[in-house]
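Working notes for the structure below.
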Amino acid sequence: QIGHSHSPFYGSFDGNSKTITHYHLSNPLMGFQGMFGVALHPAEIRDLTITDSSVAGAVFNGILAGHTTGSVDRVTVAGTMTGGYHSGGMIGLARAPGSITDCSASTIFSHSGTFNGAGGGLIGNSGVVIRRSLAASTMTGGVNYMGGLVGYMSTGMILDSMSSGSIGNAGQQRVGG
């Protein structure tokens, strides 16, 4: 794992259009799980594909990042994601001044836990501008705030983006595509 809550990633990661296959991380009792646990501004992550992956964590989880305030451009993830509060197929928690551009997530997502928490096919909890991005996810579990693209969006915008897939057995309220 690159960066965590006590030592965040602040740098630039250029995947050079390469693919990482079979990335697996399972810490079901810990938060901030993903290839990047925590990536904070001015962090940049770009031109990367992660396939045949699986990530499991307690809170703030995503295949790419648990939490980011940096920019993420041209990143694709595919695999399985299991997480609780604020978890997403690609990113658990995305906050300003970060941005998400030309990204996609194709995941089987299982939102665990019994408390209110956001779960999304691309991002669990977003406060950033999302541009030209896609989530194709099958989602299950959760209590509230489940979305095909974003589970909960406090600020920011979604532009020219879409989701497909299904949300089954998810949420008692605030569930959408």
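Bear in mind the structure is a predicted one, so any value in this text is a computation, not a measurement.
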ring-ring contact (aromatic ring centres under 6.0 Å, His included) involving Phe32 - partner list, sequence neighbours excluded: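 Result, ring-ring contact (aromatic ring centres under 6.0 Å, His included) vs Phe32: Phe60.
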What distance do [X] atom [atom1] and [Y] atom [atom2] have between them, rounded to the nearest 0.5 Å?
| X | Y | atom1 | atom2 | answer |
| --- | --- | --- | --- | --- |
| Ile108 | Met81 | CD1 | CE | 13.0 Å |
| Ile50 | Leu64 | CD1 | CG | 5.0 Å |
| Asn61 | Leu93 | CG | CG | 11.0 Å |

pair Thr68-Val128: side-chain heavy atoms closer than 4.5 Å: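 Result no, sub-4.5 Å side-chain heavy-atom pair not found.
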Beyond-backbone contact of Tyr23 with Val55, side-chain heavy atoms, under 4.5 angstrom: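 Yes; the side chains approach each other to less than 4.5 Å.
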Locate the shortest heavy-atom distance separating [X] from [Y]; write the atom from each residue and the value.
| X | Y | answer |
| --- | --- | --- |
| Ser133 | Leu122 | CB-CD2, 3.9 Å |
| Gly148 | Ala135 | O-CB, 3.3 Å |
| Gly92 | Ile123 | O-CG2, 4.1 Å |
| Gln33 | Gly31 | NE2-O, 2.8 Å |
| Tyr10 | His41 | CD2-O, 3.6 Å |
| Met35 | Phe13 | CE-CZ, 3.8 Å |

Any donor-acceptor pair under 3.5 Å linking the side chain of [X] with the backbone of [Y]?
| X | Y | result |
| --- | --- | --- |
| Ser87 | Gly84 | yes |
| His24 | Ser53 | no |
| Gln1 | Gly34 | yes |

Salt bridge (Lys or Arg N to Asp or Glu O under 4.0 Å) partners of Arg132, counting only residues at least two apart: Asp102
N/O donor-acceptor pairs under 3.5 Å from side chains in residues 150-158, not counting sequence neighbours:
unit_1 : atom_1 : unit_2 : atom_2 : d
Ser154 : OG     : Arg95  : NH1    : 3.2
Thr155 : OG1    : Gly127 : O      : 3.4

Member of Ser12, Cys103, Ser17 meeting the side-chain contact (heavy atoms from CB on, under 4.5 Å) criterion with Arg46: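 Only one option passes, and that is Ser12.
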Passing candidate, side-chain contact (heavy atoms from CB on, under 4.5 Å) with Met90, options Ile63, Val75, Thr76: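 Exactly one candidate clears the test, Val75.
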Residues clustering with Met162 (ILVMFWY side chains joined when closer than 4.5 Å, directly or via others): Leu134
In one Ile/Leu/Val/Met/Phe/Trp/Tyr side-chain cluster, 4.5 Å: Leu159, Ile100: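 Cluster IDs for Leu159 and Ile100 differ.
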In one Ile/Leu/Val/Met/Phe/Trp/Tyr side-chain cluster, 4.5 Å: Ile2, Val72: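 Same cluster: Ile2 reaches Val72 through Ile, Leu, Val, Met, Phe, Trp or Tyr contacts under 4.5 Å.
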Residues forming a side chain to side chain donor-acceptor pair (under 3.5 Å) with Ser137, sequence neighbours excluded: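 Partners of Ser137 under the side chain to side chain donor-acceptor pair (under 3.5 Å) test: Thr107.
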Non-neighbouring partners of Asp47 that pass side chain to side chain donor-acceptor pair (under 3.5 Å), sequence neighbours left out: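 Applying side chain to side chain donor-acceptor pair (under 3.5 Å) to Asp47 gives Arg74.
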Donor-acceptor side-chain pairing of Thr82 and Ser110 below 3.5 angstrom: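 Per modelled atom types, Thr82 and Ser110 side chains form no pair under 3.5 Å.
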Met146 vs Phe109, side-chain contact (heavy atoms from CB on, under 4.5 Å): CA-CA, chis, key distance, verdict: CA-CA 11 Å; Met146 296 291 288; Phe109 180 95; 4.3 Å; yes
Leu25 atom CG, neighbour heavy-atom count above 12 within 6.0 Å: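 Count over threshold, so yes.
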